Amino acid sequence: MDGTSQVRALITPERIDVAALIETVGSTADGALTVFIGRVRDTNEGRRVTGLTYEAYEEMAQSVLEEIIEETERAYEVGHIAAVHRTGQLELGEIAVAVAVAAPHRAAAYEASRSVIEEIKVRLPIWKFESYADGVAEWQRQ
Amino acid sequence: MDGTSQVRALITPERIDVAALIETVGSTADGALTVFIGRVRDTNEGRRVTGLTYEAYEEMAQSVLEEIIEETERAYEVGHIAAVHRTGQLELGEIAVAVAVAAPHRAAAYEASRSVIEEIKVRLPIWKFESYADGVAEWQRQ
Amino acid sequence: MPDTETRPGPDIVRPTTVVSVRFFARYRDLAGISACEVELAEGATVGDLIAQLRADHRLESLPPNPFVAVNRDYADFGQLLTSGDEVALIPPVSGG
Amino acid sequence: MPDTETRPGPDIVRPTTVVSVRFFARYRDLAGISACEVELAEGATVGDLIAQLRADHRLESLPPNPFVAVNRDYADFGQLLTSGDEVALIPPVSGG
């Protein structure tokens, strides 16, 4: 709410820098800050994952992510929200998505964070293609 | 759950390193990671805060924080939890407390994080002494 | 009313709407292409476009009711299309 | 009043319990000290200790029912004390 215009929504093939994301939302008016980080797991429904690629409809994903952030900032008593989603090929353990929320109080920081990630899972036009140790590779449904 | 014995509970006068805390709980089995960060706000109930000191019953705070982490790891489907609380004199915007939770799925990561911070607020023998712009300085109740 | 009478031709020539269509992820694999241009009758809706696509035997494996975005906003099947629209077929998303 | 002298014989030498007491934050400010040693009758409880402390006019501003920890665990007023115990008076906490 301080008029600065840092990047708050980002779809990127670059590695996600959580410390930089936290900086984006920082303000001494907001005592509570939550960060959600989604990383590439080594298993999915019992199958060993060996590799993962995210494909995005990039232009739309960018604007949908901005919408999600703006809607959530309006719906909760929060300061700033920033979110970033990775695209391309990821290694096990790498960060696929990160959401940072700063708020005056912790309840709103948790609730808004959860809301952003749920909306991302429902609306963001991004698709996960997973390869497994058993040789199969598939597009994932949420 | 991998047998490593990194420091998972810490009461410290040193600045809190969030990136290091996240490293502590990292595992490729856990796709979801939440971080809660509590920072020194510039106002409290309408009064301008100018300075803040946390006093701890350090030996007890250390063991209570370990208990909270162990209880929460048992109560939720999570991997590792780590938490750190700062003591001594803090500047506005500095991190007072941070909690990191890694879990296979995001619901548990959020719930366990929230549970740890609520328990910290209720049980951890640490006291906040705030100074205000109006000249008054007071021990805070939660 | 548009100038339908001025054009020659054996069939009745009507004005058309030309949209670009993009296919992503599993739908791109099903379609075998990532994008194409489609000519529709004027006044065609998203639903008309989907039906016309699926009438092509190369695209018949596309689902009958996919999520669709028009110009990067989710749209329903009743939405009218106009020339130059970018229509995307959106498989179930799996980000996050 | 709360002198805990309910046991026989004012001059009989009885075994005693010596505990260390720590005061934190606001209670330290109220007490004017951060720690002291207290001698109690054998079999004394946490409640007895608190009553004995508050009977000292220098400590009478301490609340009658503070949270207490014995050897770094929260304890209730009925808990028996033994020599060497570390007892802490815990004001309402405000961490986080």
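Each chain gets a letter, A, B and so on, in the order its sequence line appears, and its residues count up from 1. Just so it is clear, the values below take in all heavy atoms, side chains as well, and ignore hydrogens, waters and symmetry mates. The structure displayed is predicted, hence computed values, not measured ones.
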Does a salt bridge link [X] with [Y], judged by any charged N lying under 4.0 Å from a carboxylate O?
X: Arg47(B); Y: Asp134(B); value: yes
X: Glu130(B); Y: Arg41(B); value: no
X: Glu73(B); Y: Arg8(B); value: yes

statement: Honestly, the part of Ala102(B) sitting under 4.5 Å from a heavy atom of chain A is side chain
field: Toward chain A, the part of Ala29(B) with a non-hydrogen atom under 4.5 Å
entry: both
- prompt: Is it true that the side chains of Glu66(B) and Gln62(B) contain a donor and an acceptor less than 3.5 Å apart?
  reply: yes
message: Ring-plane angle category for Tyr110(A) and Tyr110(B), please: parallel below 30°, perpendicular beyond 60°, tilted otherwise.
response: perpendicular
Please rank [options] by heavy-atom pairs under 4.5 Å with chain B and give me the top one.
options: Ser113(A), Gly38(A), Ala100(A), Gly93(A); value: Ser113(A)
options: Ile117(A), Val18(A), Thr43(A); value: Ile117(A)
options: Asp30(A), Ile22(A), Asn44(A); value: Asp30(A)

- request: Check whether Ala19(A) gets within reach of chain B through its side chain, its backbone, both or neither, counting any heavy atom under 4.5 Å.
  value: neither
Contacting region of Val40(A) [heavy-atom separation from chain B under 4.5 Å]: backbone
- request: Quickly, which of Leu52(A), Val49(A), Thr50(A) forms a side-chain contact (heavy atoms from CB on, under 4.5 Å) with Leu92(A)? Name it, please.
  value: Val49(A)
statement: Among Val97(B), Ile37(B), Ile95(B), the residue with the most heavy-atom pairs under 4.5 Å to chain A is Ile37(B)
